[in-house]
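Remarks on the structure that follows.
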Amino acid sequence: MNARIFGNGGETLVLAHGYGGTRFVWDDVVPSLAEKFRVVVFDWSFSGAAADNGGRSERPCSYHGFADELVVLMDELELKGAVYVGHSMAGMIGCIASVARPDLFSHLVLVGASPRYINEDGYEGGFDSSEVDAMLAAVEADFAAWVPLFSQAVVGADHPAAVARFAKQLATMRPATALRVLRAVLTCDVRGVLPDVTAPCSIVHCGGDSVAPLAVARYMQRAMVACAGARGADTVVIESSGHFPQLAAPKEFVQAIEAVLIDH
């Protein structure tokens, strides 16, 4: 999983990228974080930077499968009591892993995470089911044409350099893998795990997130009633547009992470 370790600070941060990304999505924030912490980055098996790039059909393609993958990685690196920073889909993967192996996690930082992306009565996930169907159809029809459009939509047109960097990473995924993982993400519903999370948790969300609206962060905060001994999760809002603060607003992202960890 191409794990890399930077810095030699006392506390260990595990940075986990989301859909379409690679470990390089953290490049703008790792140097600053590594001044104070020991920072671990890695590639999920589906990542375009992974050795097999999700090519084997038996690769897990569910949040629970990826949670197992995370536990194996952390055990191999002998990480216990780490701070886990999970972006987008990786946030919920970390929640699931923390329930199974609480000894591995001292704190969860969920960046733009969402337990469900499809709207339903009483729940605002961000997308109607018809929008999800159209997105999946577009990926299946012409992945290469879809990549730049999706990248601009999720990173934000106001950040062209960041859009280009993410698009380059996304384009390295195998089209079949990209479709399979995106379907797993957009059709997931793992809201049921939220009340079982007991690790201290901080939800970091962009105010103008185009993928997971701020209502999702508020929902998660209400649902995570057992975090930190029933104190619940806290929420930090970064005043930035888009779904990728580590690319679009790296300084603000680092400040938010440092503020969370000083308080925890």
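Both backbone and side-chain heavy atoms feed into the values below; hydrogens, waters and symmetry mates do not. Along the sequence shown, the residues carry numbers beginning at 1. Just so you know, these numbers come straight off a predicted model, no measurement behind them.
- Every residue two or more places apart in sequence or in another chain that forms a side chain to side chain contact (heavy atoms under 4.5 Å, CB included) with Ala248 is listed here: His159, Ser240.
- When the options Thr198, Val197, Asp196 are evaluated for a side chain to side chain contact (heavy atoms under 4.5 Å, CB included) with Met224, the one that passes is Val197.
- Under the salt bridge (charged side-chain N to carboxylate O under 4.0 Å, His left out) criterion, the residue pairs touching residues 79-97 are Lys80-Asp103, with sequence neighbours excluded.
- Salt-bridge check for Arg191 with Glu120: passed, with a basic side-chain N closer than 4.0 Å to an acidic carboxylate O.
- Neither side chain, His17 nor Thr22, offers a donor N or O lying under 3.5 Å from an acceptor on the other.
- Phe244 is not listed as a side-chain neighbour of Ser151, based on a closest heavy-atom distance of 4.5 Å or more.
- Contact of the Cys61 side chain with the Val181 side chain is registered, since non-hydrogen atoms from C-beta on lie closer than 4.5 Å.
- Summarising the geometry of Ala90 relative to Ala16, their closest heavy-atom pair is CB-O, 3.5 Å, with the distance given to 0.1 Å.
- In this structure the side chain of Tyr219 reaches within 4.5 angstrom of the side chain of Leu194, judged on heavy atoms.
- For CD of Glu252, the number of neighbouring non-hydrogen atoms (other residues, nucleotides, ligands) closer than 6.0 Å is greater than 12.
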Verdict with reasoning, Arg4 to Asp43, per salt bridge (charged side-chain N to carboxylate O under 4.0 Å, His left out): CA-CA 10 Å; Arg4 302 289 187 273; Asp43 293 310; over 6 Å; no
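- Side-chain contact between Val30 and Leu15 is present, with heavy atoms from C-beta onward closer than 4.5 Å.
- When all heavy atoms of Asp28 and Leu247 are compared, the pair lying nearest together is OD2-O, 4.3 Å.
- In this structure, Phe6 has its ring center no closer than 6.0 Å to that of Phe37.
- Between Phe42 and Trp44, the ring-plane angle classifies as perpendicular under the 30° and 60° cut-offs.
- Under 3.5 Å, the side chains of His205 and Thr235 contain no donor-acceptor pair of N or O atoms.
- A salt bridge is absent between Arg38 and Glu11; no separation between the charged side-chain nitrogens and carboxylate oxygens falls under 4.0 Å.
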Evaluate the criterion salt bridge (charged side-chain N to carboxylate O under 4.0 Å, His left out) for residue pair Arg101 and Asp75; output intermediate values, then yes/no. CA-CA 10 Å; Arg101 286 288 303 279; Asp75 277 342; 2.9 Å; yes
Could you please spell out the steps behind the side chain to side chain contact (heavy atoms under 4.5 Å, CB included) verdict for Val83 and Leu261? CA-CA 9 Å; Val83 175; Leu261 297 183; 3.6 Å; yes
